[in-house]
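By convention in this document, chain letters (A, B, ...) are assigned in the order of the sequence lines, proteins followed by strands, and residues within each chain are numbered from 1. Given the structure is predicted, the values throughout are model-derived calculations rather than measurements. Atoms considered below: every heavy atom in the structure, side chains included; atoms not considered: hydrogens, waters and symmetry mates.
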Amino acid sequence: MEKEIAGKKINVNEEGYLLDFNQWDQSIGEAIAKENNVDMTPRHWEVVKYLQGEHKNNVPLSIRKIGKSNVIDIKEFYALFPQGPLKISTKIAGIPKPASCL
Amino acid sequence: MSEYNGEIKKMLIILSKATLENVYAAFVLANGARMEGIEAEIFFTFFGLEAIHKKKLEHLHVATVGNPAMHMPTMLGGLPGMEALATTMMKKEMEKIDMPDIHEFLDIMVASGVKLWACRLAMDMFHYKKEDMYEGLSEVITVGDFYKQGSVLGTHMLFI
């Protein structure tokens, strides 16, 4: 389905995840963050950029892997995105919601 | 009228067994709740306490006797070494799907904000002290204390 985000028409799934990463830019990420009650700081962006890089390299994302990433530990990850770190951060990053239960 | 829409806000999980499959079920459910932004707490009671006992948590086993899903005759499951074999095989499979071991899983849960409680009565029964237990344990509490943790709209309780 199409949704207007930051003034642009974007293709998203029913949960609001972008279907095409090429449509993503920082203003889109910012708007999705606001919708999910996250105030983006440079630290948030650092994590989002890291997730985008992992996704590009086809690395499956999980809480355990992020804990071992040396980019962020699990505690801080939850502090940045308390409503569900992996779920919210990937939505902001414009990448698919991880299918992992871990 | 309240505006509660049926959303799960908190999961209270009671773990009463220490077989590997039950412990992992409880841990995955608690961790999965946190990943969805749902609060999660585990109350360890009876044999469930072994999952947070420092000397025992690395040595939990899969149940081979009385477990129909093992698809082997119960008598075979009781042979010496059978439990150890099944446990080794299961641990190998779990490593493949990136499942952490018990100690690391406890660390992940604590970092994720899962509260871990030990049942006072069971602690007394097994003569365990708080120092014997995993350092991330929040507190040793009574059943009444645990129920108080559930006095939030949208709390669900699960017995494993």
From [X] [atom1] over to [Y] [atom2], what is the distance, rounded to the nearest 0.5 angstrom?
X: A/Ser62; Y: B/Met99; atom1: OG; atom2: CE; answer: 11.5 Å
X: A/Tyr78; Y: B/Met35; atom1: OH; atom2: CE; answer: 6.0 Å
X: B/Glu36; Y: A/Leu86; atom1: CD; atom2: CG; answer: 9.5 Å

Are [X] and [Y] linked, directly or through other ILVMFWY residues, by side chains that come within less than 4.5 angstrom of each other?
X: B/Met157; Y: B/Ile160; result: no
X: B/Phe43; Y: B/Leu49; result: no
X: B/Leu158; Y: B/Phe47; result: yes

| B/Ile97 versus chain A, heavy atoms under 4.5 Å apart: side chain, backbone, both or neither? |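 For B/Ile97, the backbone is the part near chain A, not the side chain.
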
| query | Among pairs that include at least one residue of residues 16-31 of chain A, which meet salt bridge (charged side-chain N to carboxylate O under 4.0 Å, His left out), considering only residues two or more places apart or in two chains? | reply | A/Lys8-A/Asp25

| said: Taking ring pair (Phe, Tyr, Trp, His ring centres under 6.0 Å) as the cut-off, I'd like each qualifying pair that reaches into residues 4-37 of chain A, sequence neighbours left out, listed once. | reply: A/Phe21-A/Trp24

What do you reckon, is [atom1] of [X] surrounded by more than 12 foreign heavy atoms closer than 6.0 Å?
X: B/Lys54; atom1: NZ; result: yes
X: A/Tyr50; atom1: OH; result: yes
X: B/Met94; atom1: CE; result: yes

| request: Pull out the residues in residues 102-131 of chain B that come under 4.5 Å of chain A, heavy atom to heavy atom, sorted by number. | output: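 Against chain A, the residues of residues 102-131 of chain B that fall inside the cut-off (heavy atoms, under 4.5 Å) are B/Glu104, B/Phe105, B/Ile108, B/Ala111, B/Ser112.
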
| field | chain B contact via A/Pro85 - side chain, backbone, both or neither, heavy atoms under 4.5 Å | value |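 For A/Pro85, heavy atoms of backbone and side chain both lie under 4.5 Å from chain B.
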
| Using links of under 4.5 Å between side-chain heavy atoms of ILVMFWY residues, direct or through other members, which residues join B/Val152 in one cluster? |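 Listed partners: none, B/Val152 stands alone.
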
| request: Check for a donor-acceptor pair, side chain of A/Arg64 on one end and backbone N or O of B/Asp98 on the other, with a separation under 3.5 Å. | output: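 Side chain of A/Arg64 to backbone of B/Asp98, a donor-acceptor pair under 3.5 Å: yes, one is there.
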
